[in-house]
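None of the values given here were measured: they were computed from a predicted structure.
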2 protein chains.
Amino acid sequence: MEQMKVVLADNEIPRQWYNILSDMPTPMSPPLHPGTGKPVGPEDLAPVFPMNLIEQEVATDRWIDIPEPVLEKYLLWRPTPLCRARNFEKILDAPVKIYYKYEGASPPGSHKPNTAIAQAYYNKAFGIKRLSTETGAGQWGSALSMACAMFGLECRVFMVRISYDQKPYRRLMMAAWGTECIPSPSDRTRAGRKILAENPDSPGSLGIAISEAIEDAVGNKDSRYSLGSVLNHVLLHQTVIGLEAQKQLAQIGEYPDVVMGCAGGGSNFAGISLPFARDKIHGKKISLVAAEPASCPTLTRGPFAYDFGDTAMTTPLLPMHTLGHDFLPESIHAGGLRFHGMAPIVSHLVKEGIAEARAYDQIETFTAGVKWARSEGVIPAPETNHAIAAVVQEAERAKQEGKQKVILFNFSGHGLIDLSAYDAFLSGKLTQHRLTDEEIERALKSIEGFPKP
Amino acid sequence: MEQMKVVLADNEIPRQWYNILSDMPTPMSPPLHPGTGKPVGPEDLAPVFPMNLIEQEVATDRWIDIPEPVLEKYLLWRPTPLCRARNFEKILDAPVKIYYKYEGASPPGSHKPNTAIAQAYYNKAFGIKRLSTETGAGQWGSALSMACAMFGLECRVFMVRISYDQKPYRRLMMAAWGTECIPSPSDRTRAGRKILAENPDSPGSLGIAISEAIEDAVGNKDSRYSLGSVLNHVLLHQTVIGLEAQKQLAQIGEYPDVVMGCAGGGSNFAGISLPFARDKIHGKKISLVAAEPASCPTLTRGPFAYDFGDTAMTTPLLPMHTLGHDFLPESIHAGGLRFHGMAPIVSHLVKEGIAEARAYDQIETFTAGVKWARSEGVIPAPETNHAIAAVVQEAERAKQEGKQKVILFNFSGHGLIDLSAYDAFLSGKLTQHRLTDEEIERALKSIEGFPKP
């Protein structure tokens, strides 16, 4: 009987997160205050985030202890299994071993709770009573809902109106965990009311929802805002994925040639790859590949520049690969990857040549995902299908080159709540779109004249 | 850090299923041919099931080897973790330790693949090319779809029309695995056409769908029918759950006082409890409790009698607890528990006093399920909520009695595809219904004059 997976016992869970800021070969540019053009200080962020998370955002220690109460919640589903995709390997018929970290095992079905649990804990410890956030397709909102339920925090999620109406399942998930989920634009905030006054039927956007969530949070000393990707502390919390994978691979005497993950805001790719980036910085030969959608090719076609994290221009200016904060990605089914920017850490790694990026069309990602479901069982999330498409491409390359390769990828979540996307694909209704140079030039106009990192 | 779960490595998976027929203290009554009133022989079943499964249905060996290709598929998600519900224990504040076997970890999210994989394998080995089955809410249909995709079998699922229309997610899941899912009644079979001729808008029923699936299967030498519960071989395949749990509990030096599972057709309850029933038969003190819906109280209020397994009276007469094959259970959200009968093995164990049954109202089951989701994370399937309600009751009893108890239950599946049920509960739209004696008497008229077991 061939081994299909490596599991870790509770007491083998990593006790610390890995902070790549300690190992960056070149310094990262700081976030800037858009008004002054100066680096933002902790006090600028204090109304938005609790101070313990702000400290974590700028920490430079290599290892940061995972608090005991966070570990206890992690243990509800972590350590996650490291699996070998032997059935998928047979289909590909290429000289590759494919390992994946299965993050779909968490209660909401994605990697998002790794940071949701941590953020809920730190807010609770700081005396906060309510968290506000935004959600597009709903993965992040549902993860934070669960985390807040567990730590006895109130949770308020502003959900993009069109998703609220069209994707009821994730909103029902949030309700089951006790969250108040509000379609955005709403009449709860100035930002929302302004939009509704102009267009009562507005379908909403992630940009509007972010503005509403931040406004809702900062108005009250007992409440803070929470973000599910992009920021350093979010990526930090996700490193538990890669650290577990390193332990598991070591147990079977393997080390990957390539580590892959899909990339929207960057937290899932960072989660699996940052501990391996550390190895690479210290001389190990390994490829780290972020898989992004061809319709939102932030890393492959956007410049490294200062830009806002949101379309409403309420965040600090972040140094990152970006298509411009006015860029409105096509409404592909991988809602989690529709972000104009990219985590500064991931952007910096790509700029430095430590990580690389590849873009995939929607149709090739679903083609890969259906093959996966019919051989390995789990129906992947549309986001995860981007990583699987990258694996398929890598396997083809290995075959052409006649090289043996060990591939590791992050299986960021299952697709049971995204089945309508599979329906669209199987019934031939999916379209694909590669941006033209003109479209990208036009989108980048929104950052003209911004400071350069 | 407290231990939250026990995991087993791939090489610790059980290599054999446990067959309780070898240990039954009294002989079970045989299934009867409804025409002759004589016990059915293998040849009667040959057009419906492959001979290797028919042999398994009547086997009396204590241990039956799990074929290597079945083990390999099991390893995609098995062994499943044995978890300790420490957060839920805190809420209950009772002198109990609660362990659960998490079967929601499988790709379709329930325990059903344990037998789907085995049945697909045996049919494939027997040279069958296509399986037909019926499905109500869709748990079974989706599990068999996945299994057929993995073994390269065609799969045809007749899905009750009203579920097909109202619960699109499970039908989309089946499509992702390549299954042809047909709303029933359909024009594919005589049985379906007859119903449609009388009522073109028929919402369908499980009875009709069974008739269609059997008719579709038996007409062709390359196709067979597959059933997801009730039969001996189905329960046999599910014993992998209880066998794993026994290994896991032994590793931490625990043994349960009570083993619980929800019961519809009986396979999930049997899966966790049969290996413990063996211990009980050999003298161990332990309670085995099946939790059923108060609106379909087969074990608690139905007599032990001969009855058909389906409403269309196409199956052999089975010796079981039944409410009569004409009984139409209320359309509760726990669709998997809406069955008028019960597995003969489970019925026999209850008749012999080895297992017992308790019934729970829909509202108390959802109350328990929401408490669970908000403390332990996973949103349980509506069926699973029955087991959790039983755990809550057992914990209260322990508190009243001042007794320490170790409870083990089968967490049969997650509820991510059943969120509309939670929506109905949280918005106060759920109703509950306890059957009156008159209703039960009326339902039992359909088995008047049948032979007695």
Side-chain angles (χ1 to χ4, degrees), chain A residues 1-11 13 15 68 71-79 81 83 86-87 102 104-109 113 146-147 149-150 168-173 175-178 369-370 373-379 414-417 419-423 425-427, chain B residues 1-11 13 15 68 71-79 81 83 86-87 102 104-109 113 146-147 149-150 168-173 175-178 369-370 373-379 414-417 419-423 425-427:
Chain A
M1 203 171 64
E2 294 174 319
Q3 188 169 23
M4 302 296 281
K5 61 186 172 312
V6 184
V7 292
L8 296 176
D10 281 8
N11 61 15
I13 196 168
R15 303 300 178 108
E68 197 80 358
L71 279 175
E72 277 172 15
K73 302 304 179 196
Y74 275 2
L75 288 179
L76 290 171
W77 75 96
R78 301 206 73 85
C83 308
R86 290 190 189 267
N87 299 290
Y102 185 55
S106 81
M146 180 189 79
M150 288 179 175
Y169 271 59
R170 284 208 197 268
R171 132 170 93 79
L172 298 180
M173 218 192 278
W177 281 310
V370 167
R374 293 181 186 179
S375 56
E376 292 289 328
V378 175
I379 299 173
H414 66 63
L416 296 187
I417 303 294
L419 286 164
S420 55
Y422 281 87
D423 192 33
F425 170 68
L426 292 168
S427 55
Chain B
M1 203 171 64
E2 294 175 319
Q3 188 169 24
M4 303 295 282
K5 61 187 171 310
V6 185
V7 292
L8 297 176
D10 281 8
N11 61 16
I13 196 168
R15 305 300 179 107
E68 197 80 358
L71 279 175
E72 278 172 16
K73 302 304 180 196
Y74 276 1
L75 288 178
L76 291 170
W77 76 95
R78 304 205 72 86
C83 307
R86 290 189 189 268
N87 299 290
Y102 185 54
S106 80
M146 180 188 79
M150 288 178 174
Y169 270 59
R170 282 206 199 269
R171 133 171 91 79
L172 297 181
M173 217 192 279
W177 280 311
V370 167
R374 293 181 186 179
S375 56
E376 292 289 328
V378 175
I379 300 173
H414 66 63
L416 296 187
I417 303 293
L419 286 163
S420 55
Y422 281 87
D423 191 34
F425 170 69
L426 292 168
S427 56

Subject >> Which of B:E2, B:M4, B:R170 touches chain A most, by non-hydrogen pairs under 4.5 Å >> reply: B:M4
Original post:
Can you say whether A:M150 sits under 4.5 Å from chain B via the side chain, the backbone, both, or neither, judging by heavy atoms?
Top reply: both
Subject >> Interface moiety of A:P168 toward chain B, non-hydrogen atoms closer than 4.5 Å >> reply: neither
Original post:
A:M146 versus B:I379: any side-chain heavy-atom pair under 4.5 Å?
Top reply: no
Subject >> Atom group of A:Q3 that falls short of 4.5 Å from chain B, counting heavy atoms >> reply: both
Subject >> Heavy-atom proximity to chain B below 4.5 Å, by part of A:I417 >> reply: both
Subject >> Sequence-distant partners of B:D423, side chain to side chain contact (heavy atoms under 4.5 Å, CB included), two or more places apart >> reply: A:L172
Original post:
Given the options B:L71, B:L75, B:V378, which has more heavy-atom pairs under 4.5 Å with chain A than any of the others?
Top reply: B:L75
**OP:** Heavy-atom distances under 4.5 Å only: say whether A:A105 touches chain B with side chain, backbone, both or neither.
**Re:** neither
Original post:
If you tally heavy-atom pairs under 4.5 Å against chain A, which of B:L8, B:I13, B:V6, B:V7 wins?
Top reply: B:V7
Original post:
Between A:E68, A:E72, A:M173, which has the largest tally of heavy atom pairs under 4.5 Å with chain B?
Top reply: A:M173
**OP:** Can you tell which part of B:L416 gets under 4.5 Å to a heavy atom of chain A, answering side chain, backbone, both or neither?
**Re:** both
**OP:** Flag the pair A:R15 / B:M1 as yes when at least one side-chain heavy-atom distance between them is below 4.5 Å, and no otherwise.
**Re:** yes
Original post:
In terms of heavy-atom pairs under 4.5 Å, which option from A:W177, A:W77, A:Y102 contacts chain B the most?
Top reply: A:W177
Subject >> A:K73 vs B:N87 side-chain heavy atoms within contact, under 4.5 Å >> reply: yes
Original post:
Given the options A:E376, A:R86, A:R171, which has more heavy-atom pairs under 4.5 Å with chain B than any of the others?
Top reply: A:E376
Original post:
Using a cut-off of under 4.5 Å for heavy-atom pairs, which of A:Y169, A:Y422, A:F425 has the most such pairs with chain B?
Top reply: A:Y169
**OP:** Just give me the residue among A:L426, A:V370, A:L76 that pairs up with chain B most often, heavy atom to heavy atom, under 4.5 Å.
**Re:** A:L76
Subject >> Contact summary for B:A175 and A:R374, nearest pair of heavy atoms >> reply: O-NH2, 3.2 Å
